[in-house]
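Beneath this line is the structure, given in structure tokens, with notes to follow.
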Amino acid sequence: MKTYLIYITIMAMFSLLGERAFGRTVPICPDCKIRTISEGVATAMDHDTLLIKKGTYKEFNILIDKPLTLLGQGYPIVDGEEKGEIIRIVSDHVTIDGLFIINVGTSYTTDYAAIRVVKSEHFLIQNVVLERLFFGIYLEKSNHGKIFHNKIIGDAVDEYNSGNGIQLWYSHNVEVERNIVQGVRDGIYLEFSDNVTIKGNTSTKNLRYGLHFMFSNDDVYTGNTFEENGAGVAVMFSKRIKMIKNTFRNNWGTASYGMLLKEINDAEIVNNVFEENTIGINIEGSNRITYDNNDFVANGWAIKVLGACYANTFTRNNFLYNSFDISYNSKMNDNKFDQNYWSDYTGFDLDKDGIGDIPYRPVKLFSYIVNRTPETIVLLRSLFMDIIDFSEKVSPVFTPDNLMDANPLIQRSHDTH
């Protein structure tokens, strides 16, 4: 009997310790003991799970200041009634999962967000739907977290009173994966955020940029789609960036491009698709970048080089049916074009080695003329322009005579992605 009592006592102690270590599950619903999310947070112990049952919770300024999991059941609606920020996290080890958050407040002085994470680590925000928002998910000096499989749908009309879908500011070692963002100012925005992985996201129909980042180093962007955004993607003032297997499509307009590179150094742009953009890549002041195995398909300009670019290599890219393949208004500066496929190349391969027997000059005189006098674009398909381009190709005067691909490929370097 004594042994049995000792056993029961030990099991009870383990049960109590387990509850404290791993937390309880606390139900929240209109008919439960705890009826609001704020009350649940206030009464919870560390590492508890707040099980928020289906319903509508009209709350804002919910402050999560302890390690908790907020788990929605049946996508409960958290309605901020446009009164301000809705959820603010100021603790490490917080998870937000399965909520439907709407009606973030709009302000011209404060960046209200549906979910803001401040000076916190080891957070997880997943399976969340955000609508009728100002800013969506906003990380501020927060590290070692993940934003996974969320859907952020804005209804932005003007840039001045709209926010960004996912924003990272001074936040490092964060994964942003498999999110859908549309209808905001910038789909994904990073500033001073290093070692960030942006993977498998879809950012479309945003007012300005599908992706916009500045002063953010050692980041990797892979498998994302940026489509039908106001100005495409802007990549600025950053180092050691890898952009692999992304799609930049149909970012079209008078000041639009698939991607803008400004003051970027030591980067890799590999296996991407740039399709039907006004400009595939607009490059300025960027050095030591490898452009390899990309597809440039049916863009206005595939690549525009604006100046101060050094030691870049363009190899094994497919240039397919662009109005202009290359626009170049500076010196070559040891940039190299080699073994690319050009759909406009008309040379021969008599020795059957897969390399054209004569070099290809990708810069057309007409491209030079359009850069200086944009109105002349109306002559794009005219016979007169074809004759001028041919004469410039034979004897270059206005275009850089050393800008050529000495080994143009006869066949595409790879199947289009």
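Remember, it's a predicted structure, so these values are computed and weren't measured experimentally.
Under the ring-ring contact (aromatic ring centres under 6.0 Å, His included) criterion, the residue pairs touching residues 70-94 are His93-His122, with sequence neighbours excluded. Evaluation of the ring-ring contact (aromatic ring centres under 6.0 Å, His included) test over residues 253-294, restricted to residues two or more places apart or in two chains, returns Phe248-Phe274, Phe274-Phe296, Tyr291-Phe314.
Under the 3.5 Å distance criterion, the side-chain polar atoms of Asp186 are left unmatched by any main-chain donor or acceptor of Asn164. A distance-only check finds a donor-acceptor pair linking the side chain of Asn287 to the backbone of Tyr310 [under 3.5 Å]. Side chain of Ser238 to backbone of Ser216: a donor-acceptor contact under 3.5 angstrom is found. For Asn179 (side chain) and Asn150 (main-chain N/O), a donor-acceptor pair under 3.5 Å exists by modelled atom type. A donor-acceptor pair under 3.5 Å is absent between the side-chain atoms of Thr69 and the main chain of Thr95, judged by distance alone.
Leu260 has its side chain out of reach of Val235: every pair of non-hydrogen atoms, C-beta onward, lies at least 4.5 Å apart.
Every residue meeting the side chain to side chain contact (heavy atoms under 4.5 Å, CB included) condition with Phe60, not counting sequence neighbours, appears here in chain and number order: Lys83. Scanning for side chain to side chain contact (heavy atoms under 4.5 Å, CB included) contacts around Pro359 gives Met404, with sequence neighbours left out. Residues that satisfy the side chain to side chain contact (heavy atoms under 4.5 Å, CB included) test with Glu284, not counting sequence neighbours, are Lys262, Leu306.
Residue Lys242 places its NZ atom among 12 or fewer non-hydrogen atoms of other residues, nucleotides or ligands, all under 6.0 Å distant.
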Show me the donor-acceptor pairs within less than 3.5 Å that the side chains of residues 351-358 make with the rest of the protein, sequence neighbours left out.
| unit_1 | atom_1 | unit_2 | atom_2 | d |
| --- | --- | --- | --- | --- |
| Asp351 | OD1 | Asp353 | N | 3.4 |
| Asp353 | OD1 | Ile355 | N | 3.0 |
| Asp357 | OD2 | Leu350 | N | 2.6 |

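Applying the side chain to side chain contact (heavy atoms under 4.5 Å, CB included) test between Ile115 and each of Ile96, Val104, Leu139 identifies Ile96 as the sole match.
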